[in-house]
Amino acid sequence: MTDDEQELGITESKSHNTGDWYAEVVRKAGLASYGPEGMSGFIVTRPRGYALWEAVQNALDAEFKDTGVQNAYFPVFIPESYLEREKDVVEGFDPEVAWVTQGGHEELDERLAVRPTSESIIAPYIAQWVRSHRDLPMRVNQWCSVVRWEATETKPFFRTKEFLWQEGHTAHETDEGAWEETMLRLDQYESLYEDVLAIPVLRGQKPPHDTFPGAKTTTTVEALMPDGKSVQGATSHHLGQSFAEAFDITFSDEQEEERVAHTTSWGVSWRCLGALIMTHSDEQGLVLPPTVAPTQVVVVPIWQSDTREEVLEYAEGVTAELEDAGISVELDDRDERNPGFKFNEHELNGVPLRIEIGPNEVDDEELTLVHRPDGESVVEDRDDVAETVERHFDEVYAKLYAAAEETLDGAVREADDRAEILGTLGRHGGYVETPWCGDVDCEAEIKEQIAAEIVMVPFEDDDELIGTDHEETCGVCGEPAERTAYFAKSY
RNA sequence: GGGGCCGUAGGGUAGUGGUAUCCUCGCUGCCUUGGGUGCAGUGGACCUGAGUUCGACUCUCAGCGGCCCCA
């Protein structure tokens with residue numbers, strides 16, 4: 001009967017069986033279901049899962065709008081001739097593009113790509129809209145889904161053939177302008193992770209061989225997952241002038257000279273939800289920071305038949321007061337479930353804070369608050385409940401962030417030679433920081449042996465191996481090192 | 001890209017060439033609460049297709065789907 005005892009909740013071990021555990025949390029917490037038969041790699045995002053995406057959207061969209069971005073929407077289909085105009089993009093995405101060849105009963109003259117990304121349909125319009133330097137910088141963003149027909153295995157939110165994301169596209173007068181834009185968006189992504197999702201990240205750039213097709217520089221925020229793999233949390237590209245040249249994004253400068261613009265693009269997908277779920281959740285189920293939780297507080301009344309009325313009345317008062325303060329609160333007054341059942345259910349669903357109200361609380365004009373992440377229970381005065389709850393939100397957030405930060409700090413290890421790199425990655429996972437000569441072959445060697453790659457290289461300003469005299473040699477080949485590389489297995 | 005494991009009601013399990021079982025699942029009624037297990041009744045499945053067979057959930061093949069390991 002042990003299986004029966006556990007069947008309502010999570011049965012898989014987070015540390016030993018992370019994949020199954022993750023799938024179980026996603027399903028049992030009501031975040032997503034698998035797609036229909038014949039459509040492996042697609043998921044149905046259920047309301048509680050979609051609410052998480054909306055929280056991310058709300059946070060980011062406000063930041064974007066505060067920094068000069070306007071939202072727009074471009075077609076889901078891209079004519080093949082458009083896609084072909086930037087050759088690196090064609091080559092980069094070719095194996096993953098889904099094509100439409102028929103409309104109604106008619107064969108199409110030109111097949112249409114289901115967008116794998118929209119540079120090639122947005123850029124031509126930006127080219128039309130930009131005439132003079134006065135039109136720059138131009139920034140458009142769209143919230144949409146894209147399709148990448150990956151052959152590799154899929155995992156809800158982490159890797160799905162269709163995924164929701166946001167893609168921003170900008171054009172600038174100068175290279176510096178484009179660079180500043182690239183970094184501004186990366187800062188905003190970092191802030192999304194650290195201030196909204198409670199996940200500390202490493203920031204830097206991708207090695208040259210792993211940049212976005214056609215891009216000059218690809219930047220990334222990397223988050224560590226509990227199984228020791230790294231996930232690219234968001235990305236921001238300095239595209240240089242290659243797209244502007246391919247799509248004729250030109251403008252007249254102050255001297256009436258025709259010049260080619262510099263462009264950027266940047267995006268974050270619902271993969272950030274995968275990182276969110278995987279980072280904080282535990283073997284009781286989903287754990288969410290109050291910043292994104294669809295239900296932030298649940299009030300559970302606990303009564304005996306003679307106290308029922310007063311307990312409920314008190315609980316309703318508390319609920320109403322929290323609602324008035326703009327807090328997302330649910331009063332769980334179902335009478336066919338006992339409190340223990342409700343506790344477990346709300347824990348499974350990731351409600352960050354629970355308020356227990358029974359006759360004792362009513363008599364003492366108090367509340368019992370319980371933090372989801374660690375079960376800490378605190379008795380507080382009934383007065384100023386909204387303020388008290390907000391304070392506990394901050395505490396819960398801090399607990400989540402601190403735990404994730406500790407994990408990350410402990411997972412960055414240094415290694416100076418090949419054996420140490422392989423040994424450390426094999427034994428501990430996480431990140432291995434090593435001097436690197438810059439040659440892609442050195443990465444390939446590690447990749448072959450242990451399937452880890454360079455997920456991040458610190459920015460030039462943060463990398464002490466640049467521009468200074470040092471004796472460091474590449475951890476793989478022993479040639480003089482030019483950069484610091486972070487190796488990790490990745491999603 | 002290569003290899004392995006797996007697919008049985010909402011969930012969890014078994015098992016057999018002759019249609020299971022458990023549940024904290026659904027529904028109805030009764031019961032009423034400080035960490036999921038009250039009582040009674042009732043409902044519902046063998047991933048899809050082809051083959052073998054008197055008969056396939058079971059055996060074979062293919063497909064679809066899921067998970068894991070390696071590249």
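In the text below, chain A, chain B and the rest are named by the order of the sequence lines, each starting its count at 1.
Cation-pi contact between Arg354(A) and Phe343(A): present, with separation from the ring centre below 6.0 Å and deviation from the ring axis of at most 45°. By the 6.0 Å and 45° rule, Arg483(A) does not stack over the aromatic ring of Trp436(A).
Nearest to the side chain of Ala451(A), among A71(B), G66(B), G12(B), sits A71(B). Picking from A71(B), U32(B), G35(B) the nucleotide with the shortest atom distance to the side chain of Arg354(A) gives G35(B). The side chain of Asn338(A) approaches G36(B) more closely than any other nucleotide in the set C67(B), G35(B), G36(B).
Interface remark: the Glu356(A) side chain does form a donor-acceptor pair with the G34(B) base, using a distance-only criterion of under 3.5 Å. Side-chain atoms of Glu24(A) stay outside donor-acceptor range of the base of G11(B), with no qualifying N/O pair under 3.5 Å.
Along RNA chain B, the nucleotide closest to Asp333(A) and the one closest to Asp20(A) are compared, and the more 5′ of them pairs with Asp333(A). Nearer the 5' end of RNA chain B, as judged by each residue's closest nucleotide, is the contact made by Arg337(A), out of Lys155(A) and Arg337(A).
Using a 4.0 Å heavy-atom criterion, one finds that Gly19(A) contacts the sugar-phosphate atoms exclusively. Here Glu336(A) lies out of heavy-atom contact (under 4.0 Å) with every strand. Backbone-only engagement by Gly41(A) is indicated by non-hydrogen atom pairs under 4.0 Å involving sugar-phosphate atoms exclusively. Using a 4.0 Å heavy-atom criterion, one finds that Glu453(A) contacts no nucleic acid atom at all.
Rounded to a whole Å, the CG atom of Asn344(A) is 6 Å from the C1' atom of G35(B). If you measure from atom CZ of Phe341(A) to atom P of C25(B), you get 6 Å, rounded to the nearest angstrom.
Taking the six-membered ring wherever Trp is involved, the centroid distance between the rings of Phe42(A) and Tyr34(A) does not fall below 6.0 Å. When ring centroids are compared, Trp266(A) and Trp165(A) stay outside the 6.0 Å threshold. Aromatic ring centroids of Trp270(A) and Phe163(A) lie 6.0 Å or more apart.
Here Ser305(A) does not reach the OP1 or OP2 of U32(B): none of its side-chain N or O atoms lies under 4.0 Å away. At least one side-chain nitrogen or oxygen of Tyr34(A) sits closer than 4.0 Å to the OP1 or OP2 atom of C67(B).
Look at the P atom in both G4(B) and A56(B): the space between them is 30 Å, to the nearest Å. Remark: the separation of the P atoms in G41(B) and C22(B) is 13 Å, to the nearest Å.
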